[in-house]
Amino acid sequence: WEEERYPEGIKWKFLEHKGPVFAPPYEPLPENVKFYYDGKVMKLSTKAEEVATFFAKMLDHEYTTKEIFRKNFFKDWRKEMTSEEKSTITNLSKCDFTHMSQYFKAQTEARKQMSKEEKQKIKEENERLLKEYGYCVMDNHKERIANFKIEPPGLFRGRGNHPKMGMLKRRIMPEDIIINCSKDSKIPAPPPGHKWKEVRHDNKVTWLVSWTENIQGSIKYIMLNPSSRIKGEKDWQKYETARRLKKCVDKIRNQYREDWKSKEMKVRQRAVALYFIDKLALRAGNEKEEGETADTVGCCSLRVEHIKLHPELDGQEYVVEFDFLGKDSIRYYNKVPVEKRVFKNLQLFMENKQPEDDLFDRLNTSILNKHLQDLMEGLTAKVFRTYNASITLQQQLKELTNPDDNIPAKILSYNRANRAVAILCNHQRAPPKTFEKSMMNLQSKIDAKKEQLADARRELKSAKADAKVRRDEKSKKTVESKKKAVQRIEEQLMKLEVQATDREENKQIALGTSKLNYLDPRISVAWCKKWGIPIEKIYNKTQREKFAWAIDMAEEDYEF
DNA sequence: GTAAAGACTTGGAAGAATGTTC
DNA sequence: GAACATTCTTCCAAGTCTTTAC
């Protein structure tokens, strides 16, 4: 993992790839699939029909009932219509997409019902595509590309209350594409009859392909897979920065506690914000352009309306009640007792302000990060999230792992430690649709197992009694085998119960993000080595590939 | 110094693949 | 071997932070 280091800013010397795979062209609907306007059949032009199919495919989704979605969609759809279509189709409510929708459902069904051979053929075609376009050569390594397929056109689905939901994501053409590769590489050829927007040779960046997306006007990239050298090294670096923070975090904490008393308002706000970022693992909270995205906030962009101050609540003093929408419009709700000084400062920050005013009006992420940079090289707000997540995992693993436990119980402990981090970082998920049912299934399995255990115990008891009377080898053997059976069933029962606990506790918690992005994998690798847990129980294949550097590096005594 | 553009990480959901059960 | 449940993979949106432009 420690190969030659490049000079500042240089990411590679040689980069060769085959360019992106474009979305398949639009296939018009068969003649018998009809679209109705105002109850009458209407044949749409190809362009208008394509956009209509995007809507039809989403018809069962809640999105299509939302006013903003419908409004945005209709506006963009009309832009694709011929002038006749435009003059006829004036009201979305009069459009009937149900026949189209049924057709697509039938198609999905047919795909499921395909024969083994047909499915195999599709699989092989995908593999061929992956083999040809899914890899690149960066310096001396053949590397997997993360997303070599260009995003197909469709309707934009923002998250939360997004003002642009329903807008048309246009089809990306070769003429939109910037290719990045090295001068001495074989430059990918554009599809016949087309050319690239640009071919450049910039080795100060890691991307292979980029284009500008039409909804937000932002740039999208094709980059390498997490298993690649370039991503792995960066990941490793990230955790090393977090470990450097570990060494100076006490000093930083003392510093911001001092700053709560500062004469300067800006310094006080900075210090309180940093306290939240450290204690609650809040995100930095960059400013966002109003009206362009859903209204979500992070620490620096908190508004007065997002917190409530309780001098006393449920027997605790100085409680701050947070209630706001964070990244991806996930709600953050928390009641936290804070130090008196913080509380008094918050009261001060809120004085004479309206609910929609910024809580930290003298602060933004760039001021905060500049300050952090002065405290430690490479320190930014998000390092606190990484640091606190990883240190929590390490400490929870120490606390929760019981040396006498068997492997499933130890894994439950691991999951619980992981869960503590996910809760800290507020990683939530919608409870799975089948949650209640699957819980019930598991419970009935447990009940059945319990009965089985009772039976086995009864049998053991009578075998013992029998052996006492008979006193022969055969009955002794029977006792032994019955004992073993009881033990085996006990173990199975325990495994099921552990599984049930784990699942119940995990109902609304998403473990994936913290596992993949916040927890120094060396902590997990060391823990596995220490307790003889196979690494496969903790990381699946993809995860093991991503964390190959850590699996290689960490020994059982690794300390974050 | 500030705003916009650019580059890269982080995020949950949906879809695909695989495993389990009857 | 079909139907259902679970796990893995893909998708692409939405953040953070850096760099560039003015």
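Computed over heavy atoms, backbone and side chain alike; hydrogens, waters and symmetry mates excluded. No experiment lies behind these values; they were computed from the predicted model shown. Proteins come first, then strands; the chains are lettered A, B, ... in the order of their sequence lines, and each starts at number 1.
Regarding contacts with the backbone of C/dG15, every side-chain N or O of A/N286 stays at 4.0 angstrom or more from both OP1 and OP2. An OP1 or OP2 oxygen of C/dG15 is reached within less than 4.0 angstrom by a side-chain nitrogen or oxygen of A/T296. Regarding contacts with the backbone of C/dC8, every side-chain N or O of A/K541 stays at 4.0 angstrom or more from both OP1 and OP2. Residue A/S438 has a polar side-chain atom (N or O) positioned under 4.0 Å from OP1 or OP2 of C/dT6.
Minimum interatomic distance between A/I230 and A/M138 (heavy atoms only, all atoms of both residues): CD1-SD, 3.8 Å. Here the closest non-hydrogen pair linking A/E305 and A/E356 is OE2-CA, 3.6 Å. A/H162 and A/E292 get closest at one heavy-atom pair: NE2-O, 3.3 Å.
The side chain of A/P152 has C/dC12 as its nearest neighbour among C/dA14, C/dC12, C/dC17. With C/dC12, C/dT16, C/dA5 as the choices, the nucleotide that has an atom nearest any side-chain atom of A/R283 turns out to be C/dT16. Distances were taken from every side-chain heavy atom of A/K437 (C-beta onward) to each of C/dA5, C/dT9, C/dT10; the shortest belongs to C/dA5. Residue A/A284 places its side chain closer to C/dT16 than to any other of C/dA14, C/dT16, C/dT6. Listed candidates were C/dG15, C/dA14, C/dT9. Nearest to the side chain of A/H162 is C/dA14.
Look at NZ on A/K220: it is 12 Å from P on C/dC11, rounded to the nearest Å.
Taking the 5' to 3' direction, DNA chain B first and last meets chain A under 4.0 angstrom from a heavy atom at B/dG6 to B/dT21.
Nucleic acid contact class of A/K370 (heavy atoms, under 4.0 Å, all strands): none. Nucleic acid contact for A/G158: sugar-phosphate only, since backbone atoms but no base atoms lie under 4.0 Å from a heavy atom of the residue. Backbone-only contact: A/T206 has heavy atoms under 4.0 Å from sugar-phosphate atoms and none from a base. If you check every strand for non-hydrogen atoms under 4.0 Å, A/K382 touches sugar and phosphate atoms only. Residue-level contact check: A/K11 touches the backbone only, with heavy atoms under 4.0 Å from sugar-phosphate atoms and none from bases. Residue-level contact check: A/R111 touches neither bases nor backbone, having no heavy atom under 4.0 Å from any strand.
Between A/W77 and A/F73, the ring planes are parallel. Angles under 30° get that label, and only those over 60° would be called perpendicular.
Taking the charged nitrogens against the carboxylate oxygens, A/R144 and A/E545 have no contact shorter than 4.0 Å, which rules out a salt bridge. Ion pairing of A/K71 with A/E67 is absent here, as no side-chain N (NZ or NE/NH1/NH2) approaches a carboxylate O to less than 4.0 Å.
Along DNA chain C, the nucleotide closest to A/Q543 and the one closest to A/A294 are compared, and the more 5′ of them pairs with A/Q543. Each of A/R429 and A/V205 has a nearest nucleotide on DNA chain B; the 5'-most of these lies closest to A/V205. Checking A/R385 against A/R200, the closest nucleotide of DNA chain B that is more toward the 5' end is the one next to A/R200. Along DNA chain C, the nucleotide nearest A/N540 and the nucleotide nearest A/D328 are compared for position; the residue whose nucleotide lies closer to the 5' end is A/N540.
Taking the salt bridge (Lys or Arg N to Asp or Glu O under 4.0 Å) definition, one finds that A/R170 meets it with A/D176, sequence neighbours left out.
With hydrogens and angles left out, the side chain of A/R159 and the base of C/dA13 share a donor-acceptor pair within 3.5 Å.
In this structure, CZ on A/R200 lies 4.5 Å from CD1 on A/I178, to the nearest 0.5 angstrom.
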